[in-house]
Amino acid sequence: MATDLPRAILGHARARNATHLVIGRGKPAAWRRLTGRTLSAILGRRATDFSLHLVPIGAAPVRRAGEPARLPPWIAALAAPALVGAATLVSDLFDAIIPDAAMGMIYLVGIVAAAVGFGPLHGLAAAVLSFLAWNYLFLPPRYTLVIAGPQDVVGVVVFLLVAALLTGTTGTLGRSVRAARARVVALRRLIEFSRRLGAMHGQADLLEAVAREAERLASRPACILLPLPPAPGETTPEPVLRAAIPFDAAPDEAGMAAARWALAHARPTGRGTDTLPSGTDWQFRPMRTGGARAGAAPSACWGCVSARARGWTGRRTGR
């Protein structure tokens, strides 16, 4: 049993003419890290004639460029009342300082926030609620919806016009931001997929990568089928399953019949299409290679469980 582990490792590596050392990072005690007495620190000082590689602990998987998480519908439904309530509390705190007619400016902040964060309809709802709260609680005579003076009428009209204008412009801005975010997500997915394709070592890896990308885009089980030459006396190519995500996702007999049709006629087939829409829960689409001539037969087809499939809940499949 070696008492000096770093010396034993270096002696063993030199005896076999090794040039690289690969070790795990480990979880040494804090006093060892502070005093530099961890295995990696000692080897870093002694192994000057080696290339030292440290393997991280539980290397995190590559973050998938999925779409930004959406808020539950009930949060969006409560957004306008919550923002109007917050504006009412702030207005109540400054009731003795800010004139009654100026309270509308505080409510405009909540209207803009609702329109930008949740859309024009929520901004419009916040505008209506803000008008009712401002008129009932702060405009004289208070605790009624009666507007007493001409100046208050002008103030209310201006408030409603400004609120409508802000709701429209900020709602458009919010849609533009969401569209730009979707484009960024699509670009990240394309870059990530191209990186995976660059690391492929054969057809099997390529087909699995395509199936995985199809499953991620569709959020449903997906597969890749390649056509075999037609049997003697047959004219329709026979599809063969080559990759599936998850690995046990396989079309049934009706699904394979739809895949044959897709390969033979180069048209989308299966549930959700105009061809064989009710015979299977799968949908198949033909694929061609980039160098295929116009009108050439598809070189493969990919399929996924249709969103209209019986019993489909919309949850992502497990890995």
Trainee: Check for me, please, whether Y107 and L124 land in the same ILVMFWY cluster - side-chain distances under 4.5 Å, paths through other members count.
Mentor: no
Trainee: Minimum heavy-atom separation for F118 to A79, with atom names?
Mentor: CE1-CB, 3.3 Å
Trainee: Supply the atom-to-atom distance S40 OG to R33 CZ, rounded to the nearest 0.5 angstrom.
Mentor: 10.0 Å
Trainee: Is any side-chain heavy atom of V109 less than 4.5 Å from a side-chain heavy atom of V90?
Mentor: no
Trainee: Tell me the closest heavy-atom pair linking F159 and S130, and the distance in Å.
Mentor: CZ-CB, 4.0 Å
Trainee: Distance check, rounded to the nearest 0.5 Å: F131 atom CZ versus L145 atom CG?
Mentor: 7.5 Å
Trainee: Do L108 and I111 have side chains that get closer than 4.5 Å, going by heavy atoms?
Mentor: yes
Trainee: Would you check if L39 and P28 make a side-chain contact, meaning some heavy-atom pair closer than 4.5 Å?
Mentor: no
Trainee: Check whether Q283 reaches the backbone of R271 with its side chain - one donor and one acceptor, N or O, closer than 3.5 Å.
Mentor: yes
Trainee: Give the minimum heavy-atom separation between A266 and P286, together with the two atoms involved.
Mentor: C-CG, 3.5 Å
Trainee: Return the minimal non-hydrogen interatomic distance between A222 and A249, and the atom names on each side.
Mentor: O-CB, 4.5 Å
Trainee: I'd like to know if V128 and L137 are part of one continuous hydrophobic network [Ile/Leu/Val/Met/Phe/Trp/Tyr, side-chain heavy atoms within less than 4.5 Å].
Mentor: yes
Trainee: To the nearest 0.5 Å, what is the distance between CE (M103) and CZ (F94)?
Mentor: 9.5 Å
Trainee: OG1/T88 to CZ/F138 distance, rounded to the nearest 0.5 angstrom?
Mentor: 6.0 Å
Trainee: With a 4.0 Å cut-off, would you call E215 and R212 a salt bridge?
Mentor: no
Trainee: For residues 134-148, which residue pairs pass the side-chain hydrogen bond (donor to acceptor under 3.5 Å, both in side chains) check, not counting sequence neighbours?
Mentor: D95-R142, D100-R142
Trainee: Between L43 and F50, is any pair of side-chain heavy atoms under 4.5 Å apart?
Mentor: no
Trainee: Less than 4.0 angstrom from a charged side-chain N to a carboxylate O is my criterion; do R46 and D4 meet it?
Mentor: yes
Trainee: Restricting to pairs with a member in residues 109-121, which pass salt bridge (Lys or Arg N to Asp or Glu O under 4.0 Å), not counting sequence neighbours?
Mentor: none
Trainee: Would you say L226 and V240 make side-chain contact, with heavy atoms under 4.5 Å?
Mentor: no
Trainee: Nearest heavy-atom pair of L225 and A259: which atoms, and what distance?
Mentor: CD2-CB, 4.4 Å
Trainee: Can you measure from CD1 (I224) to CD (E213) and round to the nearest 0.5 angstrom?
Mentor: 11.0 Å
Trainee: Give a yes or no on whether a salt bridge exists between R14 and D49, defined as a side-chain N under 4.0 angstrom from a carboxylate O.
Mentor: yes
Trainee: Which heavy-atom pair separates A133 from V84 by the least distance, and what is that distance?
Mentor: CB-CG1, 4.3 Å
Trainee: Would you indicate whether the side-chain heavy atoms of W282 and M256 approach each other to under 4.5 Å?
Mentor: no
Trainee: Can you hop from V162 to L129 via hydrophobic side chains spaced under 4.5 Å?
Mentor: yes
Trainee: Treat each ILVMFWY residue as a node, draw an edge where side-chain heavy atoms are under 4.5 Å apart, and state whether I23 and I42 are in one component.
Mentor: no
Trainee: Going hydrophobic residue to hydrophobic residue with side-chain gaps under 4.5 angstrom, can you get from L21 over to L5?
Mentor: yes
